[in-house]
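Order of the sequence lines fixes the chain letters, A, B, ..., with proteins taken first and strands second; residue numbering starts at 1 for each chain.
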Amino acid sequence: MRVKISKETANDVLNLALDTLRIGKQALIFAGTKQGAEKTAEEISKKAKTNDAELDKLSLQVLQSLSKPTKQCERLASCVKKGIAFHHSGLTHQQRAAVETGFREGKIRIICSTPTLAAGLDLPAYRSIIRDLKRYGNYGMDWIPVLEYLQMSGRAGRPKFDTEGQAIAFAGNDSDEIYKRYILGKPESIHSKLAVEPVLRTALLSLISTKFITTQNAIMDFFSKTFWAHQYGDMKNLGLTVSKILRQLEEWGFITSMEEFRSALDEDEKINATAIGKRVSELYLDPLTAHHLIQCMQKTETDETFPYLQMISSTLEMRPALRAGTRDHDNIQELLTKNEGKLLIEEPSPFDDEYGEFINSMKTAWFFQEWIEEKDEDYLLEKFRVRPGEIHSKLEIADWLLYSAIELGRMLLLRNTCRQLMKLRLRVKYGAKEELMQLLKLKGIGRARARRLFSHGIKDLAGIRKEGVQKLSEIVGSKIAEDIKKQAG
DNA sequence: GGACGGTGAAACTTCAGGTTGCCTC
DNA sequence: GAAGTTTCACCGTCC
């Protein structure tokens, strides 16, 4: 089928989008990066001539999803005003929901998105436009998986409304390659061998700790019957990986064999989870991460925050860590010097493979440090290029890791460290300095109000009791003033 | 003559996603 | 590897 599109601008993605608007249909546009998605949405919205009171309402909703709108919020809001939106992991939950329902209801005509929408959500459109078929990966720029292409093009056509759908991919100079790869090519198998180890580690420990499996033979037997082994194909290799992981788990003290003097695990030997191994499994923690946390905590008992932030920032769970660019170089060097001798993970040689990952984890830790120093989201967006939604997801992971670390620390009787970590967890949760801790215990008081109270000299519950409702009302509003007065007793 | 502003090309920077736990001093 | 962003030199205009 041939479709003629008028060449209104030099940008064909833009032309296609404008054409979609003209024929009164909806489109999803897939871009390779968040920046790319935002950019295309913005370009289209500048050319779109939509005007609608409903959209104004939606736009306002998007803008006010945070107490203080960031530049990203403003950008999205101005797009939505024109019936265009972008969608990626850096959006807040409310924003995502607003964009999705807005599209389902037909108010939003075009969404420019990263592959988020293709995988998880059922959001069909008349046109599915794939702008980028290449993406930056571990080995430079590379083709996206066939599976992903199918998922994106599969969004075209809405079964209930359209009799047809169009999936359009932008080819550039590689149309032959694209035809071979994506139209004729087979999707790759679901499991990749590289991703196996963390999952296998967690699964193994869980099987052992629930006493579902007690010998290595039984383990191999179990895995040979799973679909997973079928996918993995090579049982011999899987066997080697399994015994390697078992040895690691033993070394880390998460499992024991009955005859402890034997260094290697015998195949019929009984295997049990240790108390701490059991807890690790209950926490759904990757044993490697658990081991890392334990080692770090046993190394120090500091009352500084940065070492612990570095500890949680250098886990697999926290990946992808924030990328450190050249403009961060000086700041990170300064951090390294300032924390010399206190870091829980030593700086590797710059020639080491891990060096880049180390620097990234330093940047992530630094980001958390700034967060608990009460820097606002706009500042963080500017300085770290972290979007609001990402801030939340990183904080959630941080909270979970800190919780896990506290649990493990408690079992290891690291009382002092646990106390520090509990304080830190609260600060990470609220993004506040330690001096606000007392006030944050109150319901309805977050870091913003706590800071306002504090700067008026009200520093704790006693301070609230002393102050009159009138004065409190001026600071935090009358409803909350009454409420916290009640809470303070 | 100098402040200001627009333009374009070169240099530089950055690059997807999302599941896990919960009362504990 | 390539899109997006920043920087900077260059030119023209207005006062």
What pairs with [X] under salt bridge (charged side-chain N to carboxylate O under 4.0 Å, His left out), at least two apart in sequence or on another chain?
X	value
Lys394(A)	none
Glu282(A)	Arg279(A)
Asp286(A)	Arg201(A)

Set out, line by line, the N/O atom pairs under 3.5 Å between protein and nucleotides 6-11 of chain B.
none

> For DNA chain B, which residues in residues 418-439 of chain A have a heavy atom at a distance below 4.0 Å?
Replying inline: Met422(A), Arg425(A)
> Counting only non-hydrogen atoms, which of residues 78-98 of chain A are less than 4.0 Å from DNA chain B?
Replying inline: His88(A), Ser89(A), Arg96(A)
Contact class for [X] vs. all strands (heavy atom < 4.0 Å): base, sugar-phosphate, or nothing?
X	result
Asp142(A)	nothing
Arg415(A)	nothing
Leu285(A)	nothing

Please list, pair by pair, any protein nitrogen or oxygen found under 3.5 Å from a nitrogen or oxygen in nucleotides 1-4 of chain C.
residue : atom : partner   : partner atom : Å
dG4(C)  : OP1  : Arg131(A) : NH1          : 2.9

>> For residues 382-426 of chain A, which residue pairs pass the ring pair (Phe, Tyr, Trp, His ring centres under 6.0 Å) check, not counting sequence neighbours?
In response: Trp366(A)-Phe384(A), Phe367(A)-Phe384(A)
> So which pairs with a foot in residues 273-311 of chain A pass ring pair (Phe, Tyr, Trp, His ring centres under 6.0 Å), sequence neighbours left out?
Replying inline: Trp252(A)-His291(A)
> Roughly how bent is the helix from dG1(B)-dC15(C) to dC15(B)-dG1(C) end to end, in steps of 10 degrees, with each end axis from five pairs?
Replying inline: 10°
> Out of Arg155(A), Lys134(A), Arg181(A), Arg135(A), which residue meets the salt bridge (charged side-chain N to carboxylate O under 4.0 Å, His left out) rule with Glu148(A)?
Replying inline: Arg135(A)
> His392(A) has an atom NE2; how far is it from atom P of dT19(B), in whole Å?
Replying inline: 17 Å
> Of all the nucleotides listed (dT24(B), dG18(B), dG21(B)), which has the minimum atom distance to the side chain of Trp400(A)?
Replying inline: dG21(B)
>> Which nucleotide wins on minimum distance to the side chain of Arg323(A), given the candidates dT24(B), dC15(B), dA16(B)?
In response: dC15(B)
> Would you say the side-chain atoms of Ser281(A) pair up with the backbone N or O of Gly277(A), donor to acceptor, closer than 3.5 Å?
Replying inline: no
>> So, using side chain to side chain contact (heavy atoms under 4.5 Å, CB included) as the criterion, who are the partners of Ala324(A) when residues are at least two apart?
In response: Asp328(A), Ile332(A), Ile359(A), Asn360(A), Lys363(A)
>> Please enumerate all residues that pass side chain to side chain donor-acceptor pair (under 3.5 Å) together with Gln95(A), with sequence neighbours excluded.
In response: Thr92(A)
>> Both conditions, 6.0 Å and 45 degrees, for the charged tip of Lys383(A) above the ring of Tyr379(A): are they met here?
In response: no
